[in-house]
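Quick note: residue numbers are just sequence positions, from 1. For clarity, every value in this text was computed on a predicted model and none was experimentally measured.
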Amino acid sequence: MKTIVITGSTRGIGFGLAQQFLERGCKVVVNGRSQASVDKAVAQLGSWRQNLIGIPADITEESQVQTLWDSAVES
């Protein structure tokens, strides 16, 4: 199974991409800047919960991007 990391996927085009990849059987890591926005997106995509991970991170911060990547790899 492929794992897809989509930054900015709590709304808009990123959210739509997350939904489409989930529908195609991929594991998806949803990302946004805040825990609240990530939690909301995960709740909205809840029917695919077994293939979905939500991780907040500010992609302008290298350490947060590393944590996002590490979490995606471990999943």
Side-chain angles (χ1 to χ4, degrees):
M1 174 182 303
K2 292 182 181 183
T3 300
I4 311 296
V5 178
I6 306 171
T7 59
S9 53
T10 58
R11 60 192 175 106
I13 293 170
F15 183 85
L17 286 170
Q19 189 172 23
Q20 291 298 310
F21 280 116
L22 286 164
E23 287 177 1
R24 286 161 177 74
C26 296
K27 182 174 243 179
V28 174
V29 179
V30 172
N31 164 257
R33 287 187 181 188
S34 73
Q35 185 68 55
S37 65
V38 170
D39 290 346
K40 182 178 176 183
V42 167
Q44 290 175 322
L45 296 167
S47 60
W48 294 284
R49 193 166 303 269
Q50 71 279 2
N51 289 335
L52 181 61
I53 300 167
I55 302 171
D58 181 344
I59 62 166
T60 65
E61 297 291 329
E62 185 177 345
S63 64
Q64 291 185 35
V65 173
Q66 188 64 55
T67 300
L68 173 63
W69 179 260
D70 293 342
S71 299
V73 170
E74 290 173 6
S75 64

Ignoring hydrogens and angles, write down the donor-acceptor pairs under 3.5 Å from the side chains of residues 35-56, residues two or more places apart or on other chains.
from: Gln35; atom 1: NE2; to: Asp39; atom 2: OD1; distance (Å): 2.7
from: Ser37; atom 1: OG; to: Ser34; atom 2: O; distance (Å): 3.0
from: Ser37; atom 1: OG; to: Ser34; atom 2: OG; distance (Å): 3.1

*Would you say the side-chain atoms of Gln64 pair up with the backbone N or O of Asp58, donor to acceptor, closer than 3.5 Å?*
yes
_Contact summary for Ile6 and Gly14, nearest pair of heavy atoms_ = CG2-O, 3.9 Å
May I have the list of side-chain donor-acceptor pairs in residues 68-75 shorter than 3.5 Å, sequence neighbours left out?
from: Asp70; atom 1: OD1; to: Gln66; atom 2: NE2; distance (Å): 2.8
from: Ser71; atom 1: OG; to: Thr67; atom 2: O; distance (Å): 2.9
from: Ser75; atom 1: OG; to: Ala72; atom 2: O; distance (Å): 2.7

Name each donor-acceptor pair under 3.5 Å that joins a side chain in residues 16-23 to protein atoms two or more places apart or in another chain, with its distance.
from: Gln20; atom 1: OE1; to: Arg24; atom 2: NH1; distance (Å): 2.7

*asked:* Would you say that Asn31 contacts Thr10 through its side chain, given a criterion of any heavy-atom pair below 4.5 Å between the two side chains?
replied: no
